[in-house]
Amino acid sequence: MNRATVGCPEHVRRVRVLIAGGGPVGLALAVELGWRGVPCLLLEQGDGRIAYPTAESLNHRTMEHLRRWGIAARLREQGFPPDYPRVVRFVTRVVGYELARFERPSNRAQPAASAAISPEGALWCPKFWLDPVLRARASEFPTNEVRLGWRLERFWPDAAGVWAEAVEVATGRQETIRADYLVGCDGGGSLVRRALGVEYRGRFAEGYNLGVYFRAPTLLAATPLGPASQYFVVNRDGRAIVAAVDGRERWRLTLKVAPGAAERVDVRQALRQALGAELPLEILDVRPWAGHAVVAQRYRVGRVFLAGDAAHLNWPSGGFGMNTGIGDAVDLGWKLAAVCAGWGGDCLLDSYEAERRPVAERNVNEASRHKASDLALPVPPELEEASGAGEQARRALGATIARSRWKEWHTLGIQLGYRYDPSPLCLPDGTPPPSDDPSVYEPTARPGSRAPHAWLPDGRSTLDLFGHGFVLLRLGARPPDVAPLAAAARAAGVPLTVVELAQPAIVELYARRLVLVRPDGHVAWRADELPADPAALIDRVRGAAPAPIAACSEEAPEPVVRQGPWRRPRAR
Ligand SMILES: Cc1cc2nc3c(=O)[nH]c(=O)nc-3n(C[C@H](O)[C@H](O)[C@H](O)COP(=O)(O)OP(=O)(O)OC[C@H]3O[C@@H](n4cnc5c(N)ncnc54)[C@H](O)[C@@H]3O)c2cc1C
């Protein structure tokens, strides 16, 4: 097989989109593509078991996507105990003194608390509940094939598609695949990214950690402080986080360590120190890891894309990694679907990087700020003394924590306030941008923003109107006739639904008589009147107009083959 190969021999598996990696981001992309009827094949080298669960924190926006895919309610009520409090406690030890706490509702109570801004709420949901539900949903679509135990070995892109070679891990059986597009959702060590020669840029190894996944069936009964989703441990022995994994007996310790020290840590002693008591324990897995703050220099090379950890790595502080990756999958998913359906313009796929890379940079940097503010906490020597001086030290530190650490749990500006601005697809309306503060979300229908949530009289959310194709909202008592815009969409093959909304609160929230919402729920354009040239507007939002932001490039890279073992690129 080489680049000169033409046609597609019978023994070659033909597919529209090949996804490398079946972590949460690859699975989310498979669901998004399946939901849009785009045939895809997902290869996951693992067997689907989660040996070391991470990524418990699903944010509001991710839950809104899961709602559209029909799996949000299932995840909210099953798996992690729905009434377990998601409170975060800063403690001297888990069995010790509480210094400060950040209250957060349980999984079940969160939607009511969020009802003014979202039809969903954030969710605490460890990967071993999320991944199987995503995988089952991805496998339900007749156009999808999800394969466990298969590894992408190498690939050769050309101008018309991508040749790929996959290997069944257990048997060594090989298969040749011809795809229109390849998406590398293959994590931090991404073969796809390395083979393309795309480097991460940013700050490598900002800090080192030792992760310990363990069972402690008596921990909840032993702590006088009450349950928590996370205990942030602050004492003279070191800094650690103990996170609830199943809300009962499984936990994950993250211990800050000095460079090169992870291998020398006595894991049982580290657990004893963080917990503050000798409890029955079973250690299930131990993993040293480094925290990075990096973003891939490119998200697209010809017909190959990067998404999720393959495109960006950040500190877990704030829970941004997987959520950002699922946002990538949603953005890329509708664009691939549009191109496969024939109505996506030549520059639509380039807008993926233009829109998603700045979001990753913002999130990566904010996560590093959280991490830095945590490590800046002072630890006075008398912190654990059972004395007046000890009490005073704990009160003072508690006040510092309340003042300096609250931002990590107030991230609505990251969750819902990210916007595609500037974007080659969205038309600015001249209004000033809302706050860019990561902790602030100002609902707005300004182009580039997520179209805001409001409840409809029938109990649905405005967000439930969006997803399939574009939606043109006609707002208020006498909105303009939109027949010319609908005709322009029809002529370009763009699916467009017109929806009338007259509720005063929604009219005020959306602030214009016409609002055009993209398939991913972001506003592309709004105005009080139709534009003079509706066809030009449609061409712009479908990526067929000259892109003012990103250059349009269909160049095919040179053939790429599997490279040697991954080495962390040097920081630049
Ligand atoms: C301690 C910790 C806590 C975290 N908490 C959160 C959180 O609360 N919220 C959050 O959003 N994020 C969190 N994260 C980050 C989150 O875990 C990652 O961002 C997320 O897992 C990335 O998903 P992914 O699908 O891109 O990559 P991965 O989860 O790494 O999945 C990549 C998959 O690709 C497969 N693969 C690799 N190469 C190949 C190949 N050649 N062929 C086939 N398959 C391949 C791998 O087996 C793997 O299953 C946390 C991270 C850590 C370390």
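Order of appearance sets the numbers: ligands from 1, and atoms from 1 within every ligand.
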Worksheet item: Does some non-hydrogen atom of Glu153 fall short of 4.0 Å from ligand 1?
Response: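 No, Glu153 has no heavy atoms under 4.0 Å from ligand 1.
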Discussion item. If we only consider heavy atoms of Pro24, is any one of them less than 4.0 Å away from an atom in ligand 1?
Written reply: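 Yes; Pro24 lies near enough to ligand 1 that a heavy-atom distance drops under 4.0 Å.
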Discussion item. Quick test of your reading of the structure: of Glu56, Gln45, Glu44, His312, whose heavy atom lies closest to atom 39 (C) of ligand 1?
Written reply: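 Looking at heavy atoms only, the winner is Gln45.
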Heteroatom proximity flag, [X] to ligand 1, N/O under 3.5 Å:
{"X": "Pro316", "answer": "no"}
{"X": "Asn323", "answer": "yes"}
{"X": "Ser57", "answer": "yes"}
{"X": "Gly319", "answer": "yes"}

Numbering as shown, the atoms of ligand 1 that approach [X] to under 4.0 Å (heavy-atom distance):
{"X": "Gly187", "answer": "27 (O), 30 (O), 32 (C)"}
{"X": "Gly308", "answer": "26 (O)"}
{"X": "Leu43", "answer": "43 (C), 44 (N)"}
{"X": "Val25", "answer": "23 (O), 24 (P), 25 (O), 26 (O)"}
{"X": "Cys185", "answer": "32 (C), 33 (C), 34 (O)"}
{"X": "Arg151", "answer": "40 (C), 41 (N), 42 (N), 43 (C)"}
{"X": "Lys127", "answer": "17 (O), 21 (O), 29 (O)"}
{"X": "Arg252", "answer": "1 (C), 3 (C)"}

Cation-pi between [X] and [Y]: NZ/CZ under 6.0 Å from ring centre and within 45° of the ring axis?
{"X": "Arg356", "Y": "Tyr418", "answer": "yes"}
{"X": "Arg193", "Y": "Tyr200", "answer": "yes"}
{"X": "Arg252", "Y": "Tyr213", "answer": "no"}

Discussion item. Does Ser351 form a side-chain hydrogen bond (donor to acceptor under 3.5 Å, both in side chains) with Lys335? I'd like the steps, not just the answer.
Written reply: CA-CA 9 Å; Ser351 73; Lys335 292 171 181 173; 2.9 Å; yes
Would you call the rings of [X] and [Y] parallel, tilted or perpendicular if under 30° counts as parallel and over 60° as perpendicular?
{"X": "Phe232", "Y": "Trp409", "answer": "perpendicular"}
{"X": "Trp124", "Y": "Phe80", "answer": "perpendicular"}
{"X": "Tyr299", "Y": "Tyr352", "answer": "tilted"}

Worksheet item: Taking non-hydrogen atoms only, is Ala55 closer than 4.0 angstrom to ligand 1 via side chain, backbone, both or neither?
Response: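 For Ala55, the contact with ligand 1 is made by both the backbone and the side chain.
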Worksheet item: Got a sec, which residues hit ring-ring contact (aromatic ring centres under 6.0 Å, His included) with Tyr441, two or more places apart in sequence or on another chain?
Response: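 Result, ring-ring contact (aromatic ring centres under 6.0 Å, His included) vs Tyr441: none returned.
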Discussion item. Regarding Asp246 and Arg248, does a basic nitrogen lie under 4.0 Å from an acidic carboxylate oxygen?
Written reply: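 Looking at Arg248 together with Asp246, the answer is no, because their closest N to O distance does not fall below 4.0 Å.
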Item to complete: Kindly state each residue pair satisfying ring-ring contact (aromatic ring centres under 6.0 Å, His included) with at least one member in residues 38-59, sequence neighbours excluded.
Response: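 Residue pairs with at least one partner in residues 38-59: there are none.
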